[in-house]
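Chain letters run A, B, ... following the sequence lines, proteins first, then strands; residues in each count from 1.
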Amino acid sequence: MKIASWNVNSLNVRLPHLEQWLAAARPDVVALQETKLEDARFPDAALAALGYRSVFSGQKTYNGVAILSRMDASGGGALEDVQVGIPGFEDEQKRVLAATVNGVRIVDVYVVNGQSVGSDKYAYKLRWLEALHGWLTDELRRHPGLVLLGDFNIAPDERDVHDPLQWNEDHILTSRAERDALDRLHALGLHDAFRLLNPDARMFSWWDYRQAAFRRELGLRIDLTLVSEALRARLAGAGIDREPRTWERPSDHAPAWVELAV
DNA sequence: ATGGTTGGAGCCCAA
């Protein structure tokens, strides 16, 4: 079971890329972020034509998440027990969507960016991460086999940044408080699949559009796939697919994926 | 060097 995450930075613009990538990579489940589409405009018919069911929670201009699931020959791959948002956490911003596919709980997150350390948005990011942690504590009791994936807007450690001096513990996306919040998610038994299988790899998932960052390999690994303790024994592979970042008019993020053995 | 690029809205904001 191949489960992927991709921040598409506008599904309206990136639908052709998503279609091309689905046809080539054939993931069973895909968690999307930054769809930037109201639900009425979500291209569910186009995705169904490629064999994918979809659930989505979007808004105009900003944010927006979706989960796609590939229909198999016997009509499987249903998206069940769909949850929109973090229960009990009031938020206008559409950043969280969960569903169960073939017995695996999929939790898709578009974590708050936070802008800069000390800003109002940074405070919102830390509040938001605390609410996510509280909910996942309960969610893991209900669904021990869980994959938490998405754009975390946090680079876990030095191996995940091109320049640790610039991306230091006072900088947004790498600050001590953000990494502490990620560590609290790890403490729930949610393991970073990519890092577990590739302890020494320097591979990024996001490159700024500016300063030719992709060409110069000035990236960060902020798109993560975390697997619960109960799924750890099934972990068969994890990676980042850089290729779509080389295509014309790309998203600034590359898809990150994890493979679970049946 | 406090820069630059993209997307979406609407004559700037978020990333």
Open item on the list: Determine whether the aromatic ring centres of residues W6(A) and H253(A) are separated by less than 6.0 angstrom.
Closed with: no

Open item on the list: Measure CG/N7(A) against P/dA15(B) and give the value in whole Å, please.
Closed with: 11 Å

Open item on the list: I'd like the P distance from dG10(B) over to dA14(B), given in whole Å.
Closed with: 13 Å

Open item on the list: Is it the case that the side chain of S228(A) and the backbone of L146(A) share a donor-acceptor pair, with hydrogens and angles ignored and the cut-off at 3.5 Å?
Closed with: yes

TODO: Give a yes-or-no answer on whether the side chains of N113(A) and Y122(A) include a donor-acceptor pair shorter than 3.5 Å.
DONE: no

- [ ] For dG7(B), take OP1 and OP2 only and decide whether either is under 4.0 Å from a side-chain N or O of R14(A).
- [x] yes

Task: Nearest-Å distance for atom pair CD/C1', residues Q33(A) and dA15(B) - done: 14 Å

Open item on the list: Suppose you measure atom C1' in dC13(B) against the same atom in dG4(B); what distance do you get, rounded to whole Å?
Closed with: 16 Å

Task: Test item: T174(A) side-chain N/O and N168(A) main-chain N/O as donor-acceptor pair under 3.5 Å - done: yes

TODO: Describe, in one word, how the ring planes of F42(A) and F56(A) are oriented to each other, choosing from parallel (under 30°), tilted (30 to 60°) and perpendicular (over 60°).
DONE: parallel

- [ ] Please confirm whether the backbone N or O of V8(A) pairs with a side-chain atom of K36(A), one donor and one acceptor, at under 3.5 Å?
- [x] no

Task: Whether R14(A) side chain and N9(A) backbone form a donor-acceptor pair below 3.5 Å - done: yes

Open item on the list: Distance check needed: dA15(B) P versus Y122(A) OH, whole Å only.
Closed with: 15 Å

TODO: Could you tell me how the ring of H171(A) sits relative to the ring of W167(A): parallel (under 30°), tilted (30 to 60°) or perpendicular (over 60°)?
DONE: tilted

Task: Nearest-angstrom distance, C1' atom, dC11(B) to dG7(B) - done: 16 Å

Task: Residues from residues 202-216 of chain A lying under 4.0 Å of DNA chain B - heavy atoms - done: Y209(A), R210(A), Q211(A)

Open item on the list: Any side-chain to backbone donor/acceptor pair from R159(A) onto R202(A)? Under 3.5 Å, distance only.
Closed with: no

- [ ] Answer yes or no: are there more than 12 heavy-atom neighbours, outside Q166(A) itself, under 6.0 Å from its atom CD?
- [x] yes

- [ ] Can you sort out which residues in residues 150-174 of chain A have a heavy atom within less than 4.0 Å of DNA chain B? Ascending by number, please.
- [x] none

Task: Interatomic distance where CD belongs to Q59(A) and C1' belongs to dC13(B) [whole Å] - done: 13 Å

Open item on the list: Using whole Å, what does the distance between atom P of nucleotide dC13(B) and atom CG of N63(A) come to?
Closed with: 17 Å

Open item on the list: Rounding to an integer number of Å, can you tell me how far E248(A) CD sits from dG7(B) P?
Closed with: 11 Å

TODO: Round to a whole Å and report the spacing from CD of E34(A) to C1' of dA15(B).
DONE: 7 Å

TODO: Determine yes or no for a side-chain-to-main-chain donor-acceptor pair under 3.5 angstrom, with R70(A) supplying the side chain and G51(A) the backbone.
DONE: no

Open item on the list: Taking dT5(B) as the reference, what is the distance to dA9(B) when you measure between their P atoms (whole Å, please)?
Closed with: 22 Å

Open item on the list: Using the C1' atom as the point on both nucleotides, what is the distance between dG3(B) and dA15(B), in whole Å?
Closed with: 16 Å

Open item on the list: For a quick test of reading the model: is some side-chain N or O of K121(A) closer than 4.0 Å to OP1 or OP2 of dA14(B)?
Closed with: yes

Open item on the list: Can you pull out the residues from residues 107-116 of chain A that lie within a 4.0 Å heavy-atom distance of DNA chain B?
Closed with: Y110(A), N113(A)

- [ ] Mind running salt bridge (charged side-chain N to carboxylate O under 4.0 Å, His left out) on R221(A) and D157(A) for me, showing each step along the way?
- [x] CA-CA 9 Å; R221(A) 190 174 69 92; D157(A) 65 48; over 6 Å; no

TODO: Starting from C1' on dT5(B), measure out to CZ on R245(A) and report it in whole angstrom.
DONE: 10 Å

